[in-house]
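Here the structure comes first, spelled out in structure tokens, and everything after it is commentary.
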Amino acid sequence: RANFRHTGGYKIIEYDSAYYIIGETQRSNYYVEPMLIKTDLAGNLQFVKTYNTLPYLYGGGTNMSFTTMPNGNLLLCEARADDGNVWDKILSTCFLEIDTAGNLLNQHCTAGINTHAHYNIGVTHDNNYISCGSYYAYRSQGNGYQYNNYVAKWDTGFNIMWDLKFPGTFPYNSFRDFEQNQQYEIVLAGQRFADNGSLPGFNGVVAKVNESGNLIWTRAYRLINTLNNSDNWLYDIDLLPNDDIVAVGS
């Protein structure tokens with residue numbers, strides 16, 4: 001079984017006169033393998049490749065993204081569980097470098113990085129990498145887990161140069177997408193849980209971070225204020241030529 005989504009991390013890229021589509025194929029309950037499909041621009045299939053070198057990849061969520069690298073290869077960013085108990089274990093992060101023929105060239109896995117999801121990854125102006133998603137932690141109050149809005153910058157050896165965690169009080173806080181403006185600032189969009197008294201639920205959230213990892217500002221938006229527990233999600237962000245921000249969601 002395979003699934004692909006354009007928003008939230010599963011992506012299609014037009015690159016080098018071809019389309020590359022990333023997704024996952026499920027081989028058992030909650031265990032998945034990354035899948036890469038390549039077609040020509042007319043949609044004719046050139047190959048389907050899966051990569052099973054990573055143990056215990058946790059499916060059921062959009063925890064995968066990819067981008068093109070400065071050297072012309074593809075970079076896939078994926079979360080994985082550290083052992084078979086995917087519900088209870090902290091997740092770490094793996095980066096796969098893949099050439100345009102679908103061959104896995106390098107694999108870099110980080111230890112002790114609690115990044116649950118990489119909804120988007122991109123190359124910065126200085127040829128390092130930015131990823132955004134959520135940070136996995138035990139809840140400070142009550143039972144269960146929480147996912148904090150998260151953005152990180154990685155060097156070319158996939159070491160964290162800086163990262164920002166935005167504390168949350170409920171699961172599923174995350175950044176879904178980002179863009180870089182002309183000042184090399186990072187503008188992010190996602191969602192954050194907020195207890196608004198009689199109308200708790202998720203707000204759409206937009207934030208701006210400078211290239212050194214300092215928060216410039218963050219804004220939360222209750223987009224439609226009609227239902228208790230309403231979910232306001234921002235999935236995609238774009239910048240206009242004057243750096244005004246357009247964010248879309250549901």
Side-chain angles (χ1 to χ4, degrees), residues 1-81 86 91-110 115-124 127 129-134 154 156 158 174-180 189-190 233-238 248-250:
R1 185 177 69 178
N3 85 46
F4 301 100
R5 282 173 44 176
H6 177 66
T7 58
Y10 296 125
K11 298 167 65 176
I12 180 171
I13 292 177
E14 182 181 350
Y15 177 61
D16 194 25
S17 299
Y19 291 125
Y20 297 88
I21 307 147
I22 197 70
E24 62 187 25
T25 179
Q26 188 169 347
R27 53 187 169 93
S28 61
N29 191 29
Y30 296 109
Y31 296 94
V32 301
E33 296 171 0
M35 175 185 287
L36 179 67
I37 295 176
K38 181 180 180 179
T39 75
D40 63 22
L41 295 183
N44 300 303
L45 183 65
Q46 296 189 3
F47 65 69
V48 178
K49 298 284 185 79
T50 61
Y51 306 96
N52 60 3
T53 60
L54 304 179
Y56 306 116
L57 290 178
Y58 170 61
T62 51
N63 56 354
M64 181 190 303
S65 186
F66 75 136
T67 189
T68 56
M69 302 176 69
N71 64 7
N73 292 323
L74 305 175
L75 180 66
L76 186 153
C77 187
E78 174 66 280
R80 69 181 179 97
V86 297
L91 301 177
S92 55
T93 305
C94 288
F95 299 91
L96 277 62
E97 182 177 355
I98 302 167
D99 66 20
T100 54
N103 301 305
L104 178 62
L105 302 179
N106 293 294
Q107 176 178 304
H108 311 270
C109 291
T110 62
T115 40
H116 170 73
H118 287 278
Y119 293 99
N120 206 353
I121 185 171
V123 181
T124 61
N127 289 333
Y129 302 98
I130 291 283
S131 68
C132 70
S134 55
W154 310 78
T156 54
F158 303 100
S174 68
F175 287 126
R176 294 286 180 137
D177 193 22
F178 70 88
E179 290 287 344
Q180 300 170 78
W233 305 75
L234 293 175
Y235 295 104
D236 197 7
I237 195 168
D238 207 350
V248 297
S250 63

With rounding to the nearest 0.5 angstrom, report the CG to CZ distance, N120 to F178. 5.0 Å
Using a 4.5 Å cut-off on heavy atoms from C-beta on, say whether the side chain of T68 contacts that of L74. yes
Gap between atom CG of L75 and atom CG of L105 - 0.5 Å precision: 11.0 Å
Among L76, L96, L36, find the one that has a side-chain contact (heavy atoms from CB on, under 4.5 Å) with L104. L96
Working to the nearest 0.5 angstrom, can you tell me the gap between Y51 OH and I98 CD1? 4.0 Å
Just by modelled atom types, is the V123 backbone N or O under 3.5 Å from a matching donor or acceptor in the Q180 side chain? yes
State whether the side chain of Y129 and the backbone N or O of M69 hold a donor-acceptor pair below 3.5 Å, judged by distance alone. no
Have a look at S65 and tell me which of D177, I121, I22 forms a side-chain contact (heavy atoms from CB on, under 4.5 Å) with it. I121
Just jot down the side chain to side chain contact (heavy atoms under 4.5 Å, CB included) partners of D238, sequence neighbours excluded, or say none. E179
Without swapping roles, check the side chain of K38 against the backbone of A18 for a donor-acceptor pair under 3.5 Å. no
Please round to the nearest 0.5 Å and tell me the distance separating atom CG of D99 and atom CG of N73. 6.0 Å
Output yes when a side-chain donor or acceptor of K49 lies under 3.5 Å from a complementary backbone atom of A101, and no otherwise. yes
Give a yes/no on whether the SG-to-SG distance for C94 versus C109 is below 2.5 Å. yes
Minimum heavy-atom separation for Q46 to D40, with atom names? NE2-CB, 3.4 Å
Nearest heavy-atom contact between F47 and T100 is CE2-O, 3.6 Å
Is it possible for you to check whether R176 lies under 6.0 Å from the centre of the six-membered ring of Y235, through NZ or CZ, and within 45° of that ring's axis? no
So, using side chain to side chain contact (heavy atoms under 4.5 Å, CB included) as the criterion, who are the partners of V48 when residues are at least two apart? M35, I37, L45
What's the shortest heavy-atom distance between G133 and Y119, and which atoms? CA-CD1, 3.6 Å
To the nearest 0.5 angstrom, please state how far the CD1 atom of I13 sits from the OG1 atom of T67. 5.5 Å
With sequence neighbours excluded, tell me which residues meet ring-ring contact (aromatic ring centres under 6.0 Å, His included) with F95. W154, F158
